[in-house]
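All chains are named by letter (A, B, ...) in the order of the sequence lines, taking the proteins before the strands, and each is independently numbered beginning at 1.
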Amino acid sequence: MARIGVFICHCGENISATVDVVKVAAEAARIPGVAHSVEYKYMCSDPGQQLVKNAIKEKNLTGVVVAACSPRMHEPTFRRACAEAGLNPFLCEMANIREHCSWVHEKGEATTQKALDIVRTLVAKVKKNKALEPIKVPVTKTALVLGGGIAGIQAALDIANSGHKVILVEQAPSIGGHMSQLSETFPTLDCSQCILTPRMVEVAQHPNITLHSYSELESLDGFIGNFKARIRRKARGLDEKLCTGCGLCMQKCPTRKIPSEFDAGLGLRPAIYVPFPQAVPNKPVIDREHCTYYRTGKCRLCEKVCPTQAIRFGQEDEIVEAEVGAVVVATGFDIKHGDFFPEYGYGKHQDVIDGLQFERLASASGPTLGEIRRPSDGKVPETVVFIACAGSRDPAKGIEYCSKICCMYTAKHAMLYRHKVHHGKPYVFYMDIRAGGKMYEEFVRRAMEEDGVQYVRGRVSRVYERNGRLVVKGVDTLLGARPLEIEADLVVLATAGVANAGAEELAQKLHVSYDAHKFYAEAHPKLRPVETNTAGIFLAGACQAPKDIPESVAQSTARRRRFILPASAASSARAPAPTRPSRRRSSAAATGRWSRPWPRSTRACARAAAPAWPSAAPNRSTSRASPTRRSMPRFWPCWNEVNAMADFNPKIVAFVCNWCTYAGADLTGTSRMKYAPQVSIVRFPCTGRIDFMLLLKAFAGGADGIIVSGCHPNDCHYSSGNFHARRRWVVFRGLMDFLGIDVRRVQFSWVSAAEGAKWAQLVNETTDRIRRLGPFADYQRLRGQGVG
Amino acid sequence: MNSMEKDTRLIGREALAKLFAQWLGEGRRILAPKQSNDKVDFAEVETPGEVSLDPVQTGQSPKGALFPRVEELFSFPSRDGRVELRERDLAALKPTVVFGLRPCDAAALAALAAIFNWDSADALFSARLAALTTVGVACNRCDEYCFCTSLGGGPGATTGSDILLTDMGGGEYLAEVISEKGRQAIQGAGTLFQPALGKDKESRLARVEKAFDLDKVKPALEALFDDEAFWVEQSLRCLGCGACAYVCPTCACFDIQDENGRRLRCWDSCGFGLFTLHTSGHNPRPLQSQRWRQRLMHKFSYMPERQSVLGCVGCGRCSRACPVDMNILEHLRAVAEAKP
Amino acid sequence: MKTGFYPGCSMKGSAREYSESLLAVARVLGRELPEVPDWNCCGATAAHNLDHDLALALPARILAAAEKKGMDEVLVPCAACYSRLKVTRHELLEDEKLRQRISGLVEADYRGSAKVVNIIEWLAAVPDLEKLVKKPFQRKVACYYGCLLVRPAGIVEFDRPEEPQSMDLLMAKLGAKPIDWAFKTECCGAGFSVSRTDLVAKLSGLILEDAVSRGAEAVIVACPMCHLNLDLRRPNIEKRAGKKYDIPVIYITQVLGLAMGLPPKKLGLQRHKVAVKFAPAESPVPGVSAKRGA
Amino acid sequence: MQALRSKARELLATKTVQVIIGYASGGGGRARAVFVREAAKADALVFDDSCQQNLAVYFSKPEVRKLGKAALVATPAALRAILQLAAENQIAEGELLALAVGGDDVVPLATFAAIEAHVAARDGDWSAAEKEELQKYEAMGLEERRRFWEEQFSRCLKCYACRAACPLCYCTRCTVECNQPQWIPVPAHDLGNLEWNVMRAMHLAGRCVDCGDCGRACPVNIPLHLLNRRLIREVFTVFGSRSGRSAKGDNALSTFKPNDPEDFIQ
C-alpha cells in the first residue's frame with residue numbers, strides 16, 4: 001500500500017496569493033494512498049526540506065509529492081532531500097502549481113481546484129514510480145571545445161592543465177577570435193594581443209590539446225561521457241606538416257586585393273594568407289574563391305616558390321572522428337553588419353564604421369599601424385561621433401536586449417582616439433551608461449572628465465554626407481531636447497552584438513536550445529548558468545549572450561570545474577529518466593529498424609506508428625516504463641464531477657514535451673501571463689513519445705479538447721522526435737475525421753521555451769474553440785456502453 | 001417430463017404477433033434473429049415481422065443472452081480511499097424470451113450450463129438462465145456445414161427448447177410445448193392456439209445426413225493426442241483468430257478484467273496464443289496446432305468425460321465464420337478415419 | 001480584386017492634378033477606380049489631436065462603406081488619409097471590443113476584409129509596368145516620401161521606415177535615376193503649414209537644398225501636403241533661403257503619365273506653381289499663370 | 001491453371017522449393033489455402049476469382065516456415081505484402097519464390113528486384129468502384145460518419161480475425177496484449193472496440209498493402225479495410241509514399257522529411 005507524502009508550498013505568497021493552499025493540503029490528505037499532507041511557507045528552505053525528511057522517516061513514506069514550483073526549478077533540491085532521508089530520489093515528484101497554476105490564473109476556486117488536480121495527478125504518478133538507480137556511463141576523458149576565441153582558449157587550457165585531453169575546433173584559419181582583433185582592452189587599456197597571444201601559443205604547444213583550426217563540427221552523436229564527434233577539417237591547400245610558415249607564398253601571391261576579414265574589411269590580404277602575423281597555427285590557407293589558380297586554372301606561383309613543396313591544390317576536406325566525454329561550446333558572437341542602419345549610412349559611407357573596424361584602426365597591427373585615419377581618404381578625423389546602442393535596446397530593430405559591452409568599448413574608443421589625436425573632438429551619443437563592473441564606472445568617468453569626450457544623451461536620427469563631411473543629426477535630451485547637428489569626419493557605430501550566423505545550425509547539431517535571438521540557452525539562468533539542457537554540453541563566452549573578456553574567462557574556468565567533476569570519475573552517473581517503455585526495447589532501437597528476420601520482434605508494428613526512438617538521443621537512458629502512461633487512468637475521475645457543473649467549462653488536456661513547451665509554459669508563469677485554468681498539463685520527454693492512443697484515453701477520461709505541443713522543427717532535443725510525431729499527427733487527424741471525430745478538438749502546436757506568450761494564447765484560443773464546440777459527450781458516453 | 005402428455009398445437013402468424021405483445025406486456029424482452037445490414041443476428045424485437053428466419057443459421061449464436069460478450073460481475077467503487085463492494089442485482093435481470101433459435105442452439109444451452117455450473121453454480125449465469133425462455137424453430141433447410149445429426153441432435157430435436165415451433169407452411173406453425181417454462185410463457189394465451197389435429201412436423205424437417213461415427217471420435221482423439229504431425233497438418237491454414245470460438249454456441253472460455261471499479265467477465269478463446277501464457281513466460285501451448293487440438297479435445301473428449309455432455313452441437317457456425325475455411329466437419333471426419 | 005478609391009479632400013481641391021493624373025494613368029492601366037460610396041473626411045489632422053473615438057470613427061465609416069460595397073482594397077493616394085485609415089484598421093482589428101464600440105458609433109460594421117493601400121503599393125503591384133513606358137523619364141530625381149507613408153513602421157508595415165526604397169525602384173522602372181540623398185523622410189513642416197509658415201519655409205528649404213545640391217532635376221512626391229509645401233510655398237522658401245530654386249515637384253502619378261506618353265495637360269502639370277520645364281516641348285506648360293487660371 | 005500446376009510440379013520435383021503455398025477449392029464456393037509438398041498433389045492447386053486471401057500471411061506462421069523454402073501463389077496484394085515484409089526485415093532475399101498469378105499465366109519471381117519490377121509494371125490506381133466506396137463514406141456528414149462507425153464497432157467481437165488475417169500484423173505480442181498497464185481494454189465494449197480498431201488502423205498506416213483481408217475476415221462484416229484505405233490515401237497524398245512497392249526503405253511513419261506539411265500546427 002502506497003504511503004505518499006504531499007508537501008504544499010506557499011512560495012511566500014507566490015502560490016498562496018491565488019491558491020488556497022490550506023484547502024489543497026486538506027483535500028490532498030483524502031486522496032487514496034496519501035499518508036501525510038502539509039503546507040509550509042517556503043518548502044525549499046532548510047526547515048522546509050527538513051519537514052520532508054522528517055515525514056519520510058516518521059511516516060514511513062513510500063513516495064513524495066512536492067507541490068511547488070516547476071520541476072525545472074527545484075526537482076533536484078527535493079530529490080536530494082529525499083535521498084538524504086533514505087527515500088529513493090526518483091520516488092519524489094514535483095507538482096508544478098506555481099508556473100502552471102498560481103502565476104497564470106486568477107485567484108479563485110477554479111485555480112485552487114486546478115492545483116488540487118495537479119497534485120492528484122502527481123500522486124497517481126508517484127504511486128506508479130519505481131525506485132531507480134542512476135545509470136553508470138563510462139566516460140571518455142576528453143573534452144571537445146568548439147571555438148578558439150578567448151573563451152574557448154581559456155576552457156581548453158584549464159581542462160588540459162587539469163590533465164585531461166582536449167580537442168579544440170576553430171572554424172577560422174587561426175585561433176584568437178575577436179579578442180585578437182582588439183587594440184587595447186578596457187578598463188586597463190592593456191594590449192589585447194599581448195595578453196592573448198601567449199595563451200594562443202600555449203594552446204598550440206600543450207601536449208593535452210589537439211588543435212583543429214580551419215575546421216568545423218560536422219555532427220555530434222551520443223550522450224554525456226560518450227559523444228562521438230565528426231570534425232570537418234577544411235582543405236587548407238597545403239601540407240601542414242611540411243609548411244614552415246615562412247610566408248614566401250604570401251609575399252609572392254599575385255592576388256593581393258582581398259578585403260581582410262581580420263582587419264574587418266579595412267585592410268587587404270593575398271589569396272594565400274594567414275589572418276594575422278601572430279596566427280596560431282602559423283600556416284596559411286588558400287582562399288579558393290579568390291585564388292587565381294582556382295578561378296582560371298593558371299598561376300600556381302605559391303607552389304613554385306614554396307621551399308618545402310607544401311602546397312597541395314588538390315587537397316580535399318578531411319573528416320576526423322573523435323570520442324569525447326563533454327563538449328564546451330564557445331563559438332562566440334558577431335556584431336550586426338550590413339544595411340541594418342540605412343539611416344546612419346552604414347555600408348554606404350566608407351567613413352561610417354563599426355566598433356570592430358575602429359579596433360583595427362586603433363590597433364598597432366592594423367591597416368593604419370595604429371594611427372586613426374578614416375577609410376575614405378586616409379585623413380586624420382578632426383571630429384569623431386560614436387553612436388552607442390546602434391541596434392541594441394531597439395525593439396523596432398528587433399533587438400530588445402542590451403549588448404552589454406558597447407558602453408565600455410565606446411568609452412575606450414573615444415579615449416584611444418583622444419590619446420592618438422590630441423586636438424580631435426570625440427562625441428558619444430548614448431541612451432544610458434551601463435558601466436557595472438570593477439573599475440568600469442571610473443573608466444567612463446575618466447573618458448568624460450580627463451579625456452574630454454563629449455557625451456550627449458540622445459539618439460541619432462540620421463547620418464548623411466554633405467560636402468565631404470558626415471552630418472550627424474541627433475538630439476540632446478539633457479539640454480532642453482534640442483535637435484543637434486554635428487559635422488563629423490568619422491562615425492563609429494557600436495552595433496549590436498548578435499549570435500553568429502551559424503548559431504542555429506550548430507545548436508541543432510548539438511541539440512541544445514537557444515533563445516529568440518539564437519543565443520544558446522543555459523539549463524537554468526541562475527543556478528546552472530554554464531550548462532545546457534543537454535547533459536555534457538556546456539556553454540562558454542558570448543555564444544550565450546554578449547559578454548566581455550573577464551566574464552568569458554571566468555565562465556570558461558567555471559566550466560572546467562563542471563567538466564572535471566564527471567571526468568575525474570571512471571563513470572558518470574546519469575539520471576535514469578524514463579524515455580521509452582521497456583518493451584519497445586530491442587536491437588531495432590539502435591538502427592531505427594526492427595530486428596531481422598525471425599522470430600518476429602515484439603510489437604514491431606507499434607513502433608511503425610510510434611517509430612523507433614531516435615538513436616542519437618543524447619539523454620537516452622535505459623528503459624523504464626513510461627510514467628505518464630501509467631498515471632493516466634487515476635487522473636480522470638475527479639474531472640467528471642467538475643464536468644457536471646452547470647456552466648460548461650471545457651476540460652482540456654495538454655500533452656507537452658519537456659524541453660520546449662513545458663519550459664515555454666513555465667515562462668508564461670514566470671512572465672505572469674494569464675490563461676484559462678481548464679487546461680491540465682502532462683509532461684512528456686518528447687512529442688515523439690506521445691502515443692495517439694493517449695489522446696483517445698484523454699477523451700474517454702472526460703477531456704473535451706486536447707493540446708499537443710512540442711519543439712519547433714529542428715529544435716527537438718532528440719533531433720527528430722517532433723518530425724516523427726508530425727507525420728503521425730497527419731495520419732491520426734485523417735483517421736479521426738474519417739471516424740467522425742471533430743479534428744478541431746485536438747490542437748497541435750509548436751511552442752518553444754521562449755514562447756511564453758504563445759502558450760497563453762494557444763491555451764486561450766483552444767479553450768474558446770472547445771467551448772464553442774461544447775462537451776464531447778458523444779465520446780464520453782462510450783465509456784461503459786456495451787456491457788451486459 | 002415423462003408424466004406430461006405431449007402438448008402440440010397450431011399457431012398462426014397473427015396469433016404469434018399477439019403472443020409477442022403478451023410477452024412484452026409481461027415485461028419480457030424478446031431476442032430473435034433480425035436482419036441488420038448484411039447479417040442476421042439475435043437482437044431485440046417487438047413483432048414477428050422483424051424476425052428473419054430465412055438463413056439456415058444466424059451469424060452469431062444466442063449464447064450472449066446467458067453469457068454476454070462483456071458482463072459486469074460486481075463493482076467496487078471507491079471514494080476517499082474507501083472501497084465499497086456492490087453485488088450485481090440479480091433480481092433486476094429482465095426476463096427474456098429467445099425466439100427462433102434452432103434446435104442445435106437450444107441443445108447448446110445444456111453444454112453452457114454444464115460448464116458454468118460444473119463444480120459450483122455461477123450465480124449470474126444461473127439467474128440469467130432462470131429468467132430465460134426458449135422458443136425454438138425447427139430447421140426446414142440445412143447447408144453443407146450442418147452436422148447436428150452426427151452428434152445426436154436433429155433438425156426437429158426438442159432438447160433445450162421450452163417451446164419448439166415448426167413452420168408448416170401457409171403461415172402456420174406447429175407448436176410443441178415442452179417444458180413448464182414453455183407452458184408459463186403461453187399462459188392465458190390459450191385462445192391464440194388451435195389444435196394440432198395430428199399434424200406431423202417430420203415432413204417439414206431438413207435432411208441432415210450423418211457424416212461420421214461419433215463413437216469413434218473420442219477414442220481416436222485420445223490416440224492421436226501425441227501425433228504432432230497430424231495436428232500440424234490439420235491446422236496448417238488456421239491463423240489463430242477467435243472467430244470460431246466467438247460464434248460458437250457452447251464455447252465458454254472467459255477472461256476477467258477490472259475496469260474503472262467494475263469486475264468484468266468477457267469472452268476469450270483457447271485459440272489465442274496468450275490464452276495459456278503463464279506469468280513465468282512459459283506457454284504450454286505455444287503453437288497453433290496445439291491450440292487447434294485443444295479445441296477438438298475439449299469439445300469431444302474432455303467435456304464428455306467431465307461434464308457428460310458434448311461441447312459441440314453441429315451448428316456449423318465456426319466453419320461458416322472461419323476466414324480461412326477451416327471446416328470442423330472435415331476435421332472430425334479425418335479424426336474418425338485416422339489410423340494413428 | 002475590387003479596388004475602391006478614397007480621394008479625401010485634397011484630391012478634390014488643392015491636389016486636383018494628383019487625382020487627374022491618377023485617373024488618367026488608371027485608364028491606361030485598364031483599372032477601374034470607383035470612389036468609396038458616400039465617403040467622408042478622414043479626420044486628419046484635427047480629429048486625432050482632439051478625440052480618439054472620432055479619429056477612429058471617421059475612417060471606420062469609410063472602410064465599412066468600402067467593405068459593404070465589396071471592395072477588397074481601398075486606394076488612398078493622400079499620405080495623411082492613408083495614415084488615418086491604416087491606423088484605424090490596425091487599432092480596430094487589434095481590439096475586438098474597440099471595434100464593436102466604434103462600429104456602434106458609426107452604425108456600420110467594419111470587419112477588416114477591405115484593406116488599405118497607398119499609391120506606391122498599388123503601382124508596385126502592377127505587373128510589367130516598365131513595358132508601358134513609351135518615353136523614359138530620363139531625369140535625376142529625388143524621391144521624397146515624407147513622414148506618413150512609411151510610419152509608424154509597425155502599423156503600416158510598408159518599406160523601411162528610415163531608408164525607404166519603393167518609390168526609387170518605381171522611378172527606376174520608368175527610366176529615371178533616383179539619387180541617393182538624406183532627406184527622403186525628413187519633415188516638410190506640414191504640421192505647421194498654416195500656423196508657422198516660417199518653419200515650413202525652413203524645413204522644406206532644407207529638403208530642396210539637399211536635393212538640388214545632389215543634382216536632382218525633380219522632387220517626386222506621393223502626398224498632397226508635401227507637394228503643397230515644396231511647390232506652393234516656394235516663394236517663402238526662396239525668401240528665407242535668399243536664393244532661387246527652380247526644381248519642380250511632381251506627383252508620382254504624373255511621372256508615370258509622362259513616361260506613358262500622356263499629354264501634360266491631362267496630367268494637370270499646368271497647375272503647378274513651379275513650372276515643369278522639361279515636360280514635352282510640343283505642349284509647353286504655362287506655369288504660374290495656368291495655376292491661377294485654374 | 002495448368003501452367004500453375006505444371007510449374008508447381010516442376011518446382012517440387014526439382015526440389016527448388018519444398019512447399020507450394022497456393023489455393024485449393026474449399027467449401028461453399030470459397031477457395032482455401034493449401035500447402036502442396038508433393039509433385040503428385042499439385043493438381044489440387046486452383047486459381048480463379050474466388051482466390052482472394054493474401055497468402056503472404058502464412059510467412060509469419062512457424063509451422064508453415066518449418067516446411068522449408070516455399071513458393072507462394074501470389075496475387076498483386078500478396079506481392080506487395082512480400083515487399084513490405086522484406087522492407088521490415090521479416091523476409092530475407094532468397095527465402096521464398098513468388099509465383100505471380102493473373103489470368104492463365106504464372107510468373108516466377110525469385111528476387112525482390114523482380115517482384116518490385118513486376119509490381120511496378122502493373123501498379124495502378126484504385127478502381128472506380130473502390131474509389132466510390134470510400135467517397136460514399138466521406139460524403140457523409142461528420143455526425144453521420146460517427147454514428148455509422150459507432151454502430152459498426154458496437155458489433156465487434158474482438159476476435160482479432162482482422163489481425164490474424166493481416167500479413168503485416170506479425171508481431172508476436174500485440175499492443176492489445178500488453179497488460180501492465182492494460183493499454184487497450186480487453187472487453188469488447190464500445191470504447192474498447194473503438195480503441196482497438198483505431199490502434200489497428202494506426203499501426204498499419206504507411207504499412208498496409210491494401211489486400212482487404214481484414215474486412216473479408218471479419219465475422220460480423222465490419223468494413224475494416226475502409227479505415228486502412230483512408231490512411232493509404234492520406235499517406236500517399238501527404239507524404240507521397242506507398243507501402244509494398246519496395247523491399248527497402250523506411251515506412252512512411254518511421255521516417256520524415258524536415259519540410260513535411262504542417263499547416264494544421266499552430
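- Residues B/Cys266 and D/His189 are not in side-chain contact: their nearest non-hydrogen atoms beyond the backbone lie 4.5 Å or more apart.
- Between the side chain of B/Glu144 and the backbone N or O of D/Gly28, at least one donor-acceptor pair lies under 3.5 Å.
- Heavy atoms of B/Ser319 lying under 4.5 Å from chain D belong exclusively to its backbone.
- To the nearest 0.5 Å, the span separating CD on D/Glu177 from CZ on B/Phe272 amounts to 8.0 Å.
- Side-chain atoms of D/Arg32 and B/Asn327, non-hydrogen and from C-beta on, do get closer than 4.5 Å to each other.
- For D/Cys166, no part lies near chain B; criterion is any non-hydrogen pair under 4.5 Å.
- D/Gly27 and B/Tyr145 make their closest contact through C-OH, 3.5 Å (heavy atoms, listed as atom of the first residue, atom of the second, distance).
- No part of B/Cys244 comes within reach of chain D, as not one of its non-hydrogen atoms sits under 4.5 angstrom from that chain.
- For D/Glu63 (side chain) and B/Ser289 (main-chain N/O), a donor-acceptor pair under 3.5 Å exists by modelled atom type.
- Taken from NZ in D/Lys66 to CG in B/Leu236, the straight-line distance is 11.0 Å, to the nearest 0.5 Å.
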(Q) Test side chain to side chain contact (heavy atoms under 4.5 Å, CB included) on D/Val186 and B/Glu259; report intermediate values, then the result. (A) CA-CA 10 Å; D/Val186 168; B/Glu259 208 180 79; over 6 Å; no
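- Note that the OG atom of B/Ser269 and the CG atom of D/Leu157 stand 11.5 Å from one another [nearest 0.5 Å].
- Only the backbone of B/Arg320 comes within contact range of chain D, judged by heavy atoms closer than 4.5 Å.
- Both the backbone and the side chain of B/Val324 come within contact range of chain D, with heavy atoms under 4.5 Å apart.
- Heavy atoms closer than 4.5 Å to chain D are found in both the backbone and the side chain of B/Gln288.
- Contacts of B/Cys318 with chain D are absent, with no heavy-atom separation under 4.5 Å from either backbone or side chain.
- Top candidate by heavy-atom pairs under 4.5 Å with chain B, chosen from D/Ala188, D/Ala31, D/Pro185, D/Gly26, is D/Ala188.
- Heavy-atom neighbours of chain B within the stretch residues 35-56 of chain D, taken at a separation under 4.5 angstrom, comprise D/Phe35, D/Arg37, D/Gln53.
- Taking B/Ala243, B/Ala321, B/Gly59, B/Pro68 one by one and counting their heavy-atom pairs under 4.5 Å with chain D, the maximum is reached by B/Ala243.
- Between D/Arg163 and B/Leu239, the closest side-chain pair of non-hydrogen atoms is not below 4.5 Å.
- For chain D, the nearby part of B/Leu264 is the side chain; its heavy atoms alone come within less than 4.5 Å.
- Summarising the local packing, CD of B/Glu228 is surrounded by 12 or fewer heavy atoms from other residues, nucleotides or ligands at distances under 6.0 Å.
- By a heavy-atom distance cut of under 4.5 Å, D/Ala217, D/Pro219, D/Val220, D/Asn221 are the residues of residues 214-224 of chain D near chain B, going up by number.
- Of the atoms belonging to D/Leu67, it is side-chain heavy atoms, and not backbone ones, that fall under 4.5 Å from chain B.
- A distance of 7.0 Å separates CZ of B/Arg69 from OG of D/Ser154, quoted to the nearest 0.5 Å.
- Between B/Arg237 and D/Lys61 there is no side-chain heavy-atom pair separated by less than 4.5 Å.
- The choice from B/Gly242, B/Gly271, B/Ser235, B/Ala245 that makes the most heavy-atom pairs within less than 4.5 Å of chain D is B/Gly242.
- You'll find the side chain of D/Arg173 reaches within 4.5 Å of the side chain of B/Leu274, heavy atoms only.
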